[in-house]
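Reckoned from all heavy atoms, side chains included, excluding hydrogens, waters and symmetry mates.
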2 protein chains.
Amino acid sequence: MIVLEGGLKQKPMVYRIQEFAALAGVTIRALHHYDRLGLLKPSGCSNAGYRLYRDCDLARLEQIVVLKFLGLPLKQIGRLLKRESPLADTLRRQQLVLAEKRQQLDAAIVAIAHAERSMQSGREPDWDAFKKIVREIEMQNNTEWGRKYYSAEAQAKLAELKKKQPWTPELQAQVTKDWTTLLADVEAALGEDPADPKAQALAARWRKLVDGFTGGDPEIQKGLNRMWADKANWPKGDAKRFQINPAVQEFIVKAMKASS
Amino acid sequence: MIVLEGGLKQKPMVYRIQEFAALAGVTIRALHHYDRLGLLKPSGCSNAGYRLYRDCDLARLEQIVVLKFLGLPLKQIGRLLKRESPLADTLRRQQLVLAEKRQQLDAAIVAIAHAERSMQSGREPDWDAFKKIVREIEMQNNTEWGRKYYSAEAQAKLAELKKKQPWTPELQAQVTKDWTTLLADVEAALGEDPADPKAQALAARWRKLVDGFTGGDPEIQKGLNRMWADKANWPKGDAKRFQINPAVQEFIVKAMKASS
DNA sequence: CTTGACCCTCACGTTGCGTCAGGTCCGATG
DNA sequence: CATCGGACCTGACGCAACGTGAGGGTCAAG
């Protein structure tokens with residue numbers, strides 16, 4: 001049973017937690033949470049330890065609520081409120097994130113609609129058709145995070161390549177295997193002279209694998225180079241899977257130079 | 001460094017976990033997880049305790065991936081795969097959920113765009129404007145879950161009412177207070193005769209508060225009745241806030257009848 | 001002096017895995 | 001034959017943003 005404290009103390013206008021929570025449309029527990037995270041410390045405190053909030057706290061809380069509504073994590077909101085990171089940049093990034101999420105959502109909605117149609121006739125839905133949709137979208141996400149490294153031209157060319165050669169998991173497995181064997185072979189040849197025919201053969205295999213992705217296009221190649229140069233900033237999940245021995249990399253670079 | 005097992009054993013086509021995970025585009029850890037949840041038990045097991053997967057497992061996993069893509073929680077996916085709940089219904093519900101999420105996303109995207117425009121000129125964004133947007137959407141969500149109880153006509157009338165009388169948190173506080181005091185007063189009068197003038201006065205107050213929400217419209221009233229009749233199925237978070245003493249409810253019903 | 005509404009601080013539960021840590025198993029090599 | 005590197009195993013903790021009690025003070029009214 002909720003009994004609100006109706007007492008209007010006009011002057012300092014302090015609120016106890018329940019009143020304050022109702023005012024902003026959040027729960028008491030959320031306020032506790034924000035307090036412990038340091039996001040919103042109440043500006044006052046009764047001698048019994050009660051949290052006492054004022055109008056200035058309300059303004060801050062409303063900012064928090066808005067930023068949360070935009071999908072920002074609380075840690076970032078904290079940095080924003082402490083002016084440790086610029087609002088404008090954060091919003092721009094978040095806009096991209098949300099746009100991507102929206103695409104996923106739309107795809108899912110379309111997929112469900114498709115499923116319901118295919119189920120009206122037959123009892124079982126068309127699992128195979130979905131598989132393709134899902135793969136399509138997930139592949140798109142994989143490319144999405146690296147998109148910024150490529151010029152508009154390179155992106156268009158990549159899209160064309162993808163049409164001609166769809167990126168199946170079988171192909172993925174094959175390519176992964178090719179790369180790992182090549183990397184192992186190069187590692188075994190680290191002692192050789194980069195100009196040696198053996199090293200040159202390795203460099204040639206390397207070039208062929210890269211061309212398998214770039215299609216031999218120099219624009220795409222430039223984007224790829226930018227991407228690897230920025231390896232430090234990759235999403236951590238992906239960075240691990242593409243760890244590569246620096247010595248190997250250096251060896252190949254030398255071999256490439258020697259052949260040109 | 002990843003070294004794939006290239007051995008193609010054509011006949012039974014068993015996969016070890018890494019190979020299988022790559023095939024479906026999920027992580028090994030996810031497979032462990034699904035195994036423990038009972039979502040996908042590998043159909044085989046080597047004598048060393050290695051999980052061994054076959055093509056039938058792949059089909060099941062792909063279904064899991066698709067359903068996960070549609071935003072379904074793993075528990076529900078489990079029930080669906082065990083045929084404990086019907087796929088068609090679940091998909092229909094999920095479609096609504098996704099549509100709602102999409103609205104939120106769109107609102108957030110629009111809000112960010114709005115913010116960037118308002119920041120280009122002035123340094124600070126227009127916090128007040130957002131507050132309204134966010135409240136609008138969150139209020140909408142509050143009404144969304146109860147929408148199913150109202151006829152199309154009632155929904156239209158509710159929308160009109162909301163325009164004439166926007167639902168501010170101040171109003172919310174006032175209404176909450178009115179209800180709680182009324183409930184307390186009724187509880188204190190439980191011993192009285194429902195036909196007594198005192199009880200009738202309480203019933204009148206009750207009617208006035210209800211009319212404050214329905215606008216006196218009988219269509220809306222009917223929807224409200226349906227909603228309370230289905231109280232058991234409310235979202236648990238909300239159900240708790242509207243707990244009401246059954247004796248009080250009974251008393252008011254009797255008083256209403258006595259006055260008619 | 002006792003309710004009862006309100007407040008406090010732990011502290012565990014949730015969802016879907018990521019990420020070690022510590023140990024086993026297997027094929028290839030010295 | 002021993003051993004080394006990969007792949008595999010089973011716990012078990014971590015994360016995000018709170019929800020949900022448990023157990024116990026505070027304060028005004030009766």
Side-chain angles (χ1 to χ4, degrees), chain A residues 1-7 14-22 26-40 42 44-53 64-65 67-69 71-78 177 180-181 183-184 187-188 235-241, chain B residues 1-7 14-22 26-40 42 44-53 64-65 67-69 71-78 176-177 180-181 183-184 187-188 235-241 243:
Chain A
M1 216 59 27
I2 299 172
V3 174
L4 283 185
E5 179 68 30
V14 296
Y15 310 95
R16 290 195 313 200
I17 196 164
Q18 188 165 81
E19 214 179 347
F20 189 69
V26 304
T27 66
I28 294 178
R29 185 59 176 87
L31 290 175
H32 286 166
H33 196 53
Y34 299 159
D35 187 356
R36 229 188 1 202
L37 293 191
L39 258 185
L40 178 68
C45 186
S46 84
N47 50 7
Y50 288 17
R51 291 174 178 80
L52 297 177
Y53 295 90
I64 294 175
V65 169
L67 293 172
K68 206 164 68 64
F69 179 79
L72 292 170
L74 295 183
K75 273 189 188 174
Q76 278 211 35
I77 294 179
K177 206 178 74 180
T180 48
T181 57
L183 287 175
E187 194 143 10
K236 54 185 174 178
D238 298 302
K240 208 180 52 179
R241 279 165 42 203
Chain B
M1 221 49 38
I2 299 171
V3 175
L4 284 185
E5 178 69 31
V14 295
Y15 310 95
R16 291 196 311 198
I17 197 163
Q18 189 165 83
E19 213 178 348
F20 189 68
V26 304
T27 66
I28 294 178
R29 184 60 176 88
L31 291 175
H32 285 166
H33 196 55
Y34 298 159
D35 187 356
R36 230 192 352 216
L37 293 190
L39 259 185
L40 179 66
C45 186
S46 84
N47 50 7
Y50 287 18
R51 292 173 179 81
L52 296 177
Y53 295 88
I64 294 175
V65 169
L67 293 172
K68 206 165 68 64
F69 179 79
L72 292 170
L74 295 184
K75 274 188 187 175
Q76 277 210 36
I77 295 179
T176 303
K177 206 178 74 179
T180 48
T181 57
L183 287 175
E187 194 143 11
K236 54 185 175 180
D238 297 303
K240 208 179 52 180
R241 278 166 44 202
Q243 279 195 31

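- Between D/dA17 and A/Lys68, no contact under 4.0 Å exists linking OP1 or OP2 to a side-chain N or O.
- Across the protein-nucleic acid pair, B/Glu187 atom CD and C/dT3 atom P stand 17 Å apart, rounded to whole Å.
- Between the C1' atom of D/dA17 and the CG atom of A/Leu72 lies a distance of 14 Å, rounded to the nearest Å.
- Rounded to an integer number of Å, the gap from B/Leu39 CG to C/dT15 C1' is 13 Å.
- In terms of phosphate contacts, B/Arg51 brings no side-chain nitrogen or oxygen within less than 4.0 Å of OP1 or OP2 of D/dC8.
- Heavy-atom minimum distance, B/Leu52 versus B/Ser46: CD1-N, 3.5 Å.
- In this entry the distance linking CG of B/Leu52 with C1' of D/dA7 reads 13 Å, nearest Å.
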Step-by-step side chain to side chain contact (heavy atoms under 4.5 Å, CB included) determination, B/Thr27 to B/His32: CA-CA 9 Å; B/Thr27 66; B/His32 285 166; over 6 Å; no
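- In plain terms, the two heavy atoms of B/Leu39 and B/Ile64 that are nearest each other are O-CD1, 4.0 Å.
- Shown for residues 27-34 of chain A: residues whose heavy atoms fall under 4.0 angstrom of DNA chain C, namely A/Arg29, A/His32.
- Taking atom CG on B/Leu40 and atom C1' on C/dC17, their separation rounds to 15 Å, with Å as the unit.
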Protein heavy-atom contacts under 4.0 Å, written 5' to 3' over nucleotides 21-30 of chain C as B (base), S (sugar-phosphate only) or - (none), form the string ----BS----
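- Interatomic distance, A/Leu67 CG to A/Ile77 CD1, rounded to the nearest 0.5 Å: 5.0 Å.
- For the atom pair CD1 of A/Ile17 and CD1 of A/Ile28, the computed distance is 5.5 Å after rounding to the nearest 0.5 Å.
- Contact record, A/His33 with A/Leu74: CD2-CD1, 3.9 Å, taken as the closest heavy-atom pair.
- Here B/Leu37 lies out of heavy-atom contact (under 4.0 Å) with every strand.
- Note that OH of A/Tyr50 and CD of A/Gln18 are 11.5 Å apart. Values are rounded to the nearest 0.5 Å.
- Comparing B/Leu74 and A/Ile17 along DNA chain C, the residue whose closest nucleotide (by nearest heavy atom) sits nearer the 5' end is A/Ile17.
- Remark: B/Phe20 engages B/Tyr53 in a ring-ring contact (aromatic ring centres under 6.0 Å, His included) (not counting sequence neighbours).
- The interatomic distance linking A/Phe69 (CZ) with D/dA17 (P) rounds to 16 Å, in whole Å.
- Looking only at side-chain heavy atoms (C-beta outward), A/Leu40 and A/Asp35 stay at 4.5 Å or farther from each other.
- Put simply, CD on B/Gln76 is 15 Å from C1' on C/dT14, counting in whole angstrom units.
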